[in-house]
Amino acid sequence: MTTYTEAQAEAISCLDEPLQIIACAGSGKTQVISQRIAAILGLPGVDPRNVVAFTFTEKAAAELKERVLSIVEREHGQLNGLAEMYIGTMHSYALGLLQRLVPDTFKYSVLTDITAQLLVDRYSRKSGLTSCPTTAVQGTLRRYRNSKLYLQVASVLREDQIDYSRVPAGVLESFEKYAELLEQNAAFDYTEIIRRAVHYLEGDPYEDDDFGRVHEHVAKDIRYVVVDEYQDVNPLQERLVRGLVRFGANLCVVGDDDQTIYQWRGSQVSNIVTFARRYADVRQVRLDDNFRSSIGVVELGRSVAERIPANARLPKSMVAAGHQKWERGDLVALTMDDPLAEATWIVDRIVELRGVAFQDRPDSGPRGLSWSDCAVLFRSVTNDSGPLVEELRQRGIPFIVKGLNRLFDSPEIQAVVGVFRFMVSEIDDGALRALWDEAQLIPATGDWTRAIRVLEVGRDFAATRRHAVYNIQRLYLDFLEALDVREENLPGAPTRAELVFYQLGKFSQVISDYEQIYFTTEPAAKYEGFAKWLQFQAPDYYADADADVGYATPDAVTIATVHQAKGLQWPAVFLPAMRRNRFPARVMGGVSLRHVIPDDALDDPARYRGTVEDETRLLYVAVTRAQKYLYVTFAPIQSNQQQRNRSEFFDHIAAQQWVSTAASPVAGAKLAPHPLHETPQVTLSFSELKYLFECSYQFKLRFLYGFNAPIHEALGYGKGLHDALAEVHKRALEGDIATKDAAGALVDRHMHAPFAYPALKEQLRASGIKALERYFDTHGKDITKTEFSEKQIQVHVAPGITVDGRIDLIRRLDTGEVAIVDFKSTERAQAEDVTRDQLHVYAVGYQELTGRSADVIEVLNLDENGKTEREPINDPLLVAVRDRIRDAGEALRTNNLPRLRVWDKHACGSCDLVALCRERPTA
DNA sequence: CGCTGGGTCCTTTTT
DNA sequence: GGACCCAGCG
């Protein structure tokens, strides 16, 4: 049982006033939030669905959720309905809200940075890109060159507080076009997800049904809102929060203004600083106690934070409250001759630290430090980590670099890119072969001639083959198959094969991204464009392709940027490359936001450019990552005129009394190195679980390596039907019973098949209507018996293992029994027991949700000749399914994901990726 | 010591 | 495209 400080306890128990928790680094913030949420759940009359908690990343969400669940299990035992508590990002919350309550947006898909940029470039005129004026000499923005900037403009215009009268009319006209293009494609970019949700939250409930439905939900269901990392909220997100609490829900925001490090992405420090002035009767609780670090680190951190002007900060004073002892020599600031010497010194020190006794918690015994207890934090990993990486590699010390390896720099990906340069006759057979030899990708059994044949047939664009059938992804997989490229066939050690497959899988994602936008382009032009894009655009987008395969965390030195280190901690932290113009970083030149949106249209334009204050906050984050040892080093780069001098930050640190300016050997006893073993969180979505049950290797190919199936032209059909039925049942719950004649309108609203050619579109529409009419004919009378539609479920199987899913429909039968219904729109051959297991997971989820058990499971086939299968829920099977999920989660954690032992008619026969796995049986 | 002009160099990343 | 560095000038 955790004991809390007075301040922590105050924060936990303050449940009925607006609360601002100001949490210094290392103050046990997550634990406090978890405990507070658990306390809310324990209040009489509070349902889990009354709680909404926002985090900034999915990872942080998984962690918070896990902590809340384990506290709840410990303190309240079984609690029903936990699946309906929301803990996650604002984006997924907003999307969920729209897709639950606003039927018109059910069909919308989400564009990533990359696909949004592809869209803007493909429709460079229609998107407004090339007509967008800029004060830079070029006059307007340009295709490819400025599309990223254009997307930033489009985001800022929606996310920030804008004085529109000061934005040039041409810019606004361009933006209108962009918004229209998104609309036409039934797509949201990340900003639009939030903006649209805000639109409904702020709307007048009497204006239309959708506003009314959102209004009612918020007023009735939402009673507690928690916002973590509040310092990183941008003005639009702040409106989302406002919208959620406008009917009196309790708001609690948690954050540390000193750790605002994403200003250039729109977060606004003033938001957290003025919170208490903007909301009435705010209680502020300061968590000043730092339990993480020694007094030396804490005091150093404090001195850094105090460099930030007081009017831009919330008053606070971090104090050391933990058990870590400070000893002279723990904190060191050193100057080296050059980056090479710096790297050598760091690696020497890492080696020296290995085995040094360290105590993680006041009540735990000492252990010997290991590689993974050391982190080297750079302002710019890409530019500065080279010498260190080289040194570590030479000395055989394991390390993980985040963000250094650019996917397209690897010889493997260059070989794959070569395939597409060959497709457009940029290189010949011999040159391609050389690339593949160079990358060592050709298996001993590989038949090069056969593989080339596949490409030659594929690039005969004049052949009257419908290009949609023979698409890029298909070609890629066919080529790999023809060449016999499989994990066990690749030259080299199995670990190398795993890494290569990870890269090949990433490339599959690259294809998917491109084809999602260019699917319907004529083949010749499509391949031409793809080859160009691969060479000129894509390399900049797909930066990170490092060895992050799977969930297992290796014992390795972490090399990361300060940004990536936020929220993490290590016993020993190195802060090298403390050079002027690097850290604090120099402001960048080039055509940027201010050439499109004038400064006076923005509240705080400087934040997009970067200020010394922002960099100081970054330094604060960096320093406070260390628990005990902190080594800050400077080494000039003689060859670079701008990077020869010490950073003012270095001088600040070196001048502090806790910091030594000469290194002494690490004191203390040596033990055997013993890395901290972290249990990785595993959250499986329902569809992931389905694949995991069916074949764990298929799961690995899809979700760990990233291989995607070729896009099917009819994609969207099943989802459209599904969404149409969801609307029918949701309306039924409101007492509005739809009938057969609504089928056409329903299909028109929900069916979005962006990859279908016109005739197929028509055909899909027609068969969609038929399917709905059939549904009304056979099940129309049951529509009134709807209990729930699209019910969120969650199964917490074991610590760290959770399954999330959604049940299509729950209804009462004539017999009074409760049926869980799953709609199927295609008769995808599926092994019988997988379906049954899958449905039993729903049954388990239903049980956790309601505390009751359902009676039967129904699979309702929407296709022609489709029949309903019904089976009673089998209690022993429920137990068995839980065990299976737990085993599956364990298998994931240990990366034990083998293929099926023998060819399975159903699983392998229907697997899109079987070519990467095994030989097809000869008929 | 202050100014000028030519040469040099160019970050961070979640949803 | 523009901030910074530095040599050279008055």
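All chains are named by letter (A, B, ...) in the order of the sequence lines, taking the proteins before the strands, and each is independently numbered beginning at 1. All values derive from a computational prediction rather than experimental measurement.
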Only counting residues at least two apart or in another chain, list the ones meeting side-chain hydrogen bond (donor to acceptor under 3.5 Å, both in side chains) with S508(A).
Q473(A)
Report the residues that fulfil ring-ring contact (aromatic ring centres under 6.0 Å, His included) with Y86(A), sequence neighbours left out, ordered by chain and then residue number.
Y93(A)
Could you list the residues that satisfy side-chain hydrogen bond (donor to acceptor under 3.5 Å, both in side chains) with Q152(A), not counting sequence neighbours?
none
Check side-chain hydrogen bond (donor to acceptor under 3.5 Å, both in side chains) between S380(A) and all other residues, then give those that pass, not counting sequence neighbours.
N383(A)
If you find the nucleotide of DNA chain C closest to Q642(A) and the one closest to V137(A), which residue's nucleotide is nearer the 5' end?
V137(A)
List in chain and number order the residues that pass side-chain hydrogen bond (donor to acceptor under 3.5 Å, both in side chains) with Q794(A), two or more places apart in sequence or in another chain; answer none if no residue qualifies.
none
Among D160(A), D614(A), T260(A), exactly one meets side chain to side chain donor-acceptor pair (under 3.5 Å) together with R607(A). Which residue is that?
D160(A)
Which is the 5'-most and which the 3'-most nucleotide of DNA chain B that has an atom under 4.0 Å from a heavy atom of chain A?
dG7(B) to dT15(B)
Across the strands shown, which category fits D113(A) at heavy-atom distances under 4.0 angstrom: base, sugar-phosphate, nothing?
base
Please report, to 0.1 Å, the donor-acceptor pairs under 3.5 Å made by any side chain of residues 52-63 of chain A, with sequence neighbours excluded.
unit_1: T55(A); atom_1: OG1; unit_2: T57(A); atom_2: O; d: 3.0
unit_1: T55(A); atom_1: OG1; unit_2: A61(A); atom_2: N; d: 3.4
unit_1: T57(A); atom_1: OG1; unit_2: A60(A); atom_2: N; d: 3.0

Nucleic acid contacts of residues 583-593 of chain A, taken as heavy-atom distances under 4.0 Å to DNA chain B
A585(A), R586(A), M588(A)
Counterpart residues, side chain to side chain contact (heavy atoms under 4.5 Å, CB included), relative to Q641(A) (two or more places apart)
R644(A)
Mind checking S639(A) for me? I need base, sugar-phosphate or nothing, with any heavy atom below 4.0 Å counting as a touch.
sugar-phosphate
Integer angstrom distance from the P of dT11(B) to that of dC4(C):
14 Å
Angle class for the F175(A)/Y178(A) ring planes (parallel below 30°, perpendicular above 60°, tilted otherwise)?
tilted
For residues 133-146 of chain A, which residue pairs qualify under salt bridge (Lys or Arg N to Asp or Glu O under 4.0 Å), counting only residues two or more places apart or in two chains?
none
Identify, with sequence neighbours excluded, every residue that meets side chain to side chain contact (heavy atoms under 4.5 Å, CB included) alongside S34(A).
T30(A), L64(A), R67(A), V68(A), I71(A)
Which residues, if any, of residues 139-159 of chain A bring a heavy atom under 4.0 Å of DNA chain C?
none
DNA chain C: N581(A) or H595(A), which has the more 5' nearest nucleotide?
H595(A)
